[in-house]
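Chain letters run A, B, ... following the sequence lines, proteins first, then strands; residues in each count from 1. Values in this document were obtained by computation on a predicted structure and should not be read as measured data.
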Amino acid sequence: MGLIRDLAVQGAQMVFVLLLAPLLLGLTRKLKARMLDRVGPPLFQPYRDLLKLVRKEVVIAENASWLFRVAPYVIFAATWVAAALVPTFATGLQFSWTADLIAITALLASARFFLALAGMDIGTAFGGIGASREMLFASLAEPAMIMMVFVVALVAGSTQLSWVANFMLTHASLRVSLGMALVALIIVALAENARIPVDNPATHLELTMVHEAMVLEYSGRHLAVIELAAALKLLLYVSLIACVFVPWGLAPPRSGFLPLVIGAVTYIGKISVGAFLLVFFETSIAKMRVFRVPELLGAALMLGFLGTLLLFVSRSF
Amino acid sequence: MGHFALDLAHLLAGGMVLVSFMLLYQNRMFGLLNVFALHALVLSASVAWQAWVQNAPHLYVTAAIALVLKAIVIPLALRRMVIRLEIHRTIETVGGIGLTMLMGIALVALSLVVMLQAAAEADPLAREDVALALSVILLGLLMMVTRYNAVSQIVGFMSLENGLILAAAGAKGMPLVVEISIAFSVLVAFIVIGVFLFRIRERFDSVDTHALDDYREGRQ
Amino acid sequence: MPVVVALGSVAVLILVAVAALFLVARPAFATRFVYGAAGLVALVLMVTALAALLGRVDISGEIVLPVGLPWVGAHFRIDPLSAFFLVVIDLGAAAASLYALGYGAHETQPERVLPFFPAFLAGMNLVILAADAFSFLVAWEFMSLASWALVMAHHQAEENRRAGFVYLVMASFGTLMLLLAFGLMAGPDGVYAFAEMRHRVHADWLPGLVLLLALLGAGSKAGLVPLHVWLPLAHPAAPSHVSALMSGVMTKVALYGFVRIVFDLVGDPVWWWSAVVMALGALTAVVGVLHAILERDFKRLLAYSTVENIGIVFIGLGLALAFAANEMAAPAALAITASLFHALNHSLFKGLMFFGAGAVLTATGERDIEKLGGLIHRLPVTAVVVLGGAMAISALPPLNGFVSEWMIFQAILLSPDLPQWALKLMVPAVGAALAFSAALAGACFVRAYGVAFLGRPRSTAAAGAHEVDRFSLVAMGLLLGLCLMAGVVPGLVIDAVSSVAVQVVGHDMPPQPLWPTLSIVPVSEGRSSYSGMLVLVFIAMSSGLAAWAIHRFASKALRRGPAWDCGFPDASPVTQYTADSFAMPIRRVFGPVAFRSHIERRMPPPGDPSPAQLKVVKHDLSWEILYAPISGRVARLAERLNTLQFLSIRSYLTLVFAALVGLLVVVAIWA
């Protein structure tokens, strides 16, 4: 009985994040439009976009290989598995011991690996530019993320996300190292999700795009799958920040129905606040030149490293 | 001190280290002045918290002085001076930003080693705060050393000053007299530097200390 | 008795080598015979070693042969450490022999390769089997010479001759350092047998000196920076199956030498050893991968990637030393298991990648990736296995590269308990360097695979390539299968290595739970765990589900058209991204620090229609700071000493007379 309930919670989480991801995207776009004094697209527009795309015929280049056709599904699968492991409304997920924070980082790296390869498959300059810039940003963002994982793991005593969320829930404290880790994670999240100031998610000008350049040749259902994976990635990062740094409201393991509902409601609230803060930040800052981004990511790496150093030196930092 | 009090003190001190790194990262004049105002703001919050925790009302005055003078008056005055003198808007650095950041990290590590290992007899909880304050001081010095522009050197000097005040506030109290005298000496130094800058600007049309080197006695 | 089997197999290999000398008159038969025999013998050795490692046979015997130094003899034995490395080496050797059955048919000068291949394998196995210093060093030199002969196989090319020369010099240097190390450990009484050497009591300063000598000696063979310079020259020069062995297997022999000396023979470790080892390892990892990402030659890129992975193994070894010196047994077991696991993984996926490079070379005749492209259409099976190898090297789950790096990260997370301050400051920096090099390795292999296999062909050679023979494909497929197995069921490997961990650090990792979760636990169940099998299952199920749902409920239609490219399609393959342009952002960000790189621009004056020229200037800092001054000084010294060649007869007689008188004076004073 307990096992079935735990599996049900895990399954519900997987479906929940899948359904919620386009809503987060729609909310971000709507808020951004409002902040710029426009009306903006309806809240549920991304769902309509996805449905439209999956029903369309796919047009691919003559020299596209099997990698190009398989990559969207692999990217989606890796991102979905990673997103399913981040506690959203309940901790103690049944499969949380399958992959910890380091494995989640590596799963996102797999998705990025295949996305970059797909960008290079057709053999156009756009795919190449997107792939090469994406790997430059990844070469600094991934170590920064690992440093953040170190800080969190040293504070909580484990890299397992469910354990970390439980620890943060019961030992709430303001720690310097966690503050530094939070800033580093926010910078990494902005870079990895192709938000301003690193990349502009709404453009198709090749000089300003990184993520869009890699998926330029995709159409139809492939594009729909990739867009859904990108939305899942944004939801993953916001959920990660929420579960590690703002864990109140998470239902403890093996709880009844009411705490789960409360967990879900608080989670939706946290997501909305996160979307608002993201939009506020995006509309108040300009996009950076490409070669200023490594300095920003280097700063995130330094912050994560500083946090780790402080924790190595003394446990009370 | 209770656990929460200690954590918040650490957090504010760590916040000052963070803002010191942000100061090192800036390469535009107005950005630098804004971040310096933030530096002083965090300092005043930190000193105010120390005042609450240690039950030392005179530290509130210190916090207020830091807030008014260093977070509002001095940045505004510097801003006006920058506009009046039409000082170059970007800041040249010695070595790249990456190298400066790495040196900053090394300095933080050094201050941690010094305070936590060498000063082993002191109270362990206060030691960590003082270690962070020492880092702020060293980062201020680093900023002075790796910048050519005189205004950014002034800002580095001020941030060093802030680090000293943080250290003194954390080490269980600082008499008000000392604080007032420090504040006045800062003000005097500031006025002198301002006058000096005006004179330099008049004579040499720039405040780049590099340019000044050419006019030293004995140089070919 | 496994020792007898092993020694017998080595003897068979030497016989095969001698036979090959006579058989080269009929190259096709000789190729099949030599590689087939070598492969079978390697398999026998591997099975024997595996049985020894898993404790199925009794390995307590030692064999002493009456060869070598008369008062020592030649000792040979198998203990868990040597059993593990024998498995690694012979697995790689068997795969390389299988691959060479197909690849060797294209060899233009079989008489320069066939006799030395079995000799090389024999030498490597003898190093591991040796249980006294003399046999160890003789086997080490034999291995170096055999591989040098293989490097010089295609000696017509100038760069191969230079590679052979540098390799010979570095190998001699390494052996000299190891000779000094063993000499110090043996002492004035000449205690060369390992069984007695490890019980000797040394002076305080001696173990540290031995560590440094071992780092120089074994590290130069393994590829530690700055002693790595021969690797990127020699590995590409040899034929591909030999490159795979040199990169994937011979470096592991060097690792064995290091572990044997530092963890076993010299006594208890001291904490500062780990600082040196970790610092060198981190430097090696970062320098290796930065060089790799800027390389155009596929094999040289793989050689630099080997340097990076050796750096990662040394980081793990340094951590193990730190924990062992501080008597933290369980973390030490984790660290040493992680390092050995990574060594095994590296031999698997580096072998696979070199086989792929060989296949590409056979099919297109090109090693320069800038002249390749679109090979995924021409070499479909090779492309799949090389993609698997690239994923494994980039440490992506669920393959094996990720598991060993995950374990090293877990070991780093256990190190705040280390008491020494230098270690407390150094380990986070080493962790950051490790994460950084792992991220750059991913970028490097996206570049290599994307430019070589994807896109459109950049030359006629690439456009006209054909798939290679079945032996090569089977060998590559086998290695990929092993990579997948090690990634999905890593608990088996960890349990197999536990006897080695017990021998080396005195503790082993907790037994890995095989059912029901197939996950590995480095410390304890609740703390951290990873299940490669379930990750694989989840990814497969999610992608399958997504594909099925969309194909069933939405559209399945697909149409081919010209590439869109923002509406400006260009038919010329020159307009696609090149390898240099892919690496440009990374070179621009990290180049000025790592290579003092800059761009020289020559612009024509206005009105002049000639093209502008851009040149990227890169400095190899190891050469310029270390080797060029040393070789310059040696050359100048040799010039001065050259005058000794031209003296008169009376001068030579005077020299002889002076030497004799001098030695007599020394004897007189000392007596």
Contacting moiety of A:Phe95, where chain C heavy atoms sit under 4.5 Å | side chain
Scored by heavy-atom pairs under 4.5 Å with chain A, the best of C:Arg456, C:Gln576, C:Arg588, C:Lys424 is C:Arg588
Heavy-atom pair with the smallest gap, counting every atom of C:Ser581 and A:Ser132 | O-OG, 4.3 Å
Heavy-atom distance under 4.5 Å to chain C: side chain of A:Ala138, backbone, both or neither?
-> backbone
Side chain, backbone, both or neither: which part of A:Ala156 has a heavy atom under 4.5 Å from chain C?
-> neither
Does the side chain of A:Thr98 reach to within under 4.5 Å of the side chain of C:Met533, using non-hydrogen atoms?
-> no
Can you find a pair of side-chain heavy atoms, one from C:Phe590 and one from A:Leu140, that are under 4.5 Å apart?
-> yes
Pairs of heavy atoms under 4.5 Å with chain A: top-ranked of C:Ala554, C:Ala547, C:Pro398, C:Gly561 = C:Gly561
Given that the side chain runs from C-beta out, which part of C:Met541 has a heavy atom under 4.5 Å from chain A: side chain, backbone, both or neither?
-> neither
Salt-bridged, C:Arg560 to A:Glu62, with N to O below 4.0 Å?
-> no
Report the distance from atom CH2 of C:Trp421 to atom CZ of A:Phe312, rounding to the nearest 0.5 Å.
-> 12.5 Å
What distance separates A:Leu101 CG from C:Ser528 OG, expressed to the nearest 0.5 Å?
-> 9.5 Å
If we only count heavy atoms from C-beta on, is the A:Phe76 to C:Ser543 side-chain gap below 4.5 Å?
-> no
Any donor and acceptor pair, going by atom type alone, linking the side chain of A:Arg221 with main-chain N or O of C:Ala557 inside 3.5 Å?
-> yes
So which of C:Ala563, C:Pro416, C:Gly450 has the largest heavy-atom pair count under 4.5 angstrom toward chain A?
-> C:Pro416
Hey, does A:Arg315 have a side-chain heavy atom less than 4.5 Å from the side chain of C:Asp417?
-> yes
Chain C contact via A:Ile146 - side chain, backbone, both or neither, heavy atoms under 4.5 Å = side chain
Euclidean distance, A:Leu67 CG relative to C:Leu387 CG, rounded to 0.5 Å | 6.0 Å
Scored by heavy-atom pairs under 4.5 Å with chain C, the best of A:Ala103, A:Gly127, A:Ala78, A:Gly304 is A:Ala103
Would you mind checking which part of A:Ala144 comes under 4.5 Å of any heavy atom in chain C, side chain (CB onward), backbone (N, CA, C, O), both or neither?
-> neither
Below 4.5 Å from any heavy atom of chain C, which atoms of A:Val225 appear? Answer side chain, backbone, both or neither.
-> side chain
Portion of C:Phe402 that has a non-hydrogen atom of chain A nearer than 4.5 angstrom = side chain
Rounded to the nearest 0.5 Å, the NE2 atom of A:His222 sits from the CG atom of C:Leu558 at a distance of 6.5 Å
Between C:Ile550 and chain A, which part of the residue has a heavy atom less than 4.5 Å away: side chain, backbone, both or neither?
-> side chain
Cut-off 4.5 Å, heavy atoms of chain A, and the answer for C:Val535 is both
So, A:Phe113 versus C:Phe445, ring centres under 6.0 angstrom or not?
-> no
Check A:Ala131 against C:Phe582 and note the closest heavy-atom contact, atom names and distance.
-> CB-CE1, 3.7 Å
Partner chain A: residue of C:Ser437, C:Ala429, C:Gly373 with the largest heavy-atom pair count (under 4.5 Å) | C:Ala429
Taken to the nearest 0.5 Å, the spacing of C:Met391 CE from A:Ser110 OG works out to 5.5 Å
Sub-4.5 Å side-chain heavy-atom contact between A:Val54 and C:Ser555 | no
Which bit of C:Thr575 comes within less than 4.5 Å of chain A, counting heavy atoms only: side chain, backbone, both or neither?
-> backbone
Non-hydrogen atoms of chain C under 4.5 Å away: do they reach the side chain of A:Arg69, the backbone, both or neither?
-> side chain
For residues 374-398 of chain C, pull every pair meeting ring pair (Phe, Tyr, Trp, His ring centres under 6.0 Å), keeping only residues two or more places apart or in separate chains.
-> none
Heavy-atom closest contact (C:Ser542 atom, A:Trp80 atom, distance) = CB-CE3, 3.7 Å
Heavy-atom distance under 4.5 Å between the side chains of C:Gln410 and A:Ile102, does that happen here?
-> yes
With rounding to the nearest 0.5 Å, note down the distance linking CG in A:Leu154 to OG in C:Ser415.
-> 8.0 Å
How about C:Val427 and A:Thr308: do any of their side-chain heavy atoms sit closer than 4.5 Å?
-> no
Hey, are the side chains of A:Leu107 and C:Ile539 touching, using non-hydrogen atoms and a 4.5 Å cut-off?
-> yes
Should the pair A:Tyr73 and C:His551 be assigned to parallel (<30°), tilted (30 to 60°) or perpendicular (>60°) ring geometry?
-> tilted
Taking every heavy-atom pair that is under 4.5 Å apart, which of C:Ala432, C:Gly374, C:Ala583, C:Pro562 has the most such pairs with chain A?
-> C:Pro562
Leading residue by heavy atom contact count with chain C [cutoff under 4.5 Å; candidates A:Met145, A:Glu134, A:Lys56, A:Met135] = A:Met135
Contact class of A:Phe291 relative to chain C, heavy atoms under 4.5 angstrom | side chain
Output the option from C:Trp564, C:Phe553, C:Phe436 having the highest count of non-hydrogen pairs under 4.5 Å with chain A.
-> C:Trp564
Where is the tightest heavy-atom contact between C:Pro585 and A:Leu136, given as atom of each residue plus distance?
-> CB-CD2, 3.6 Å
Structural part of C:Ala390 lying under 4.5 Å from a heavy atom of chain A = both
Nearest atoms (heavy-atom pairs only) where A:Leu117 meets C:Val446 = CD2-O, 3.9 Å
What residue, out of A:Ile60, A:Thr124, A:Val59, has the most heavy-atom pairs lying under 4.5 Å from chain C?
-> A:Ile60
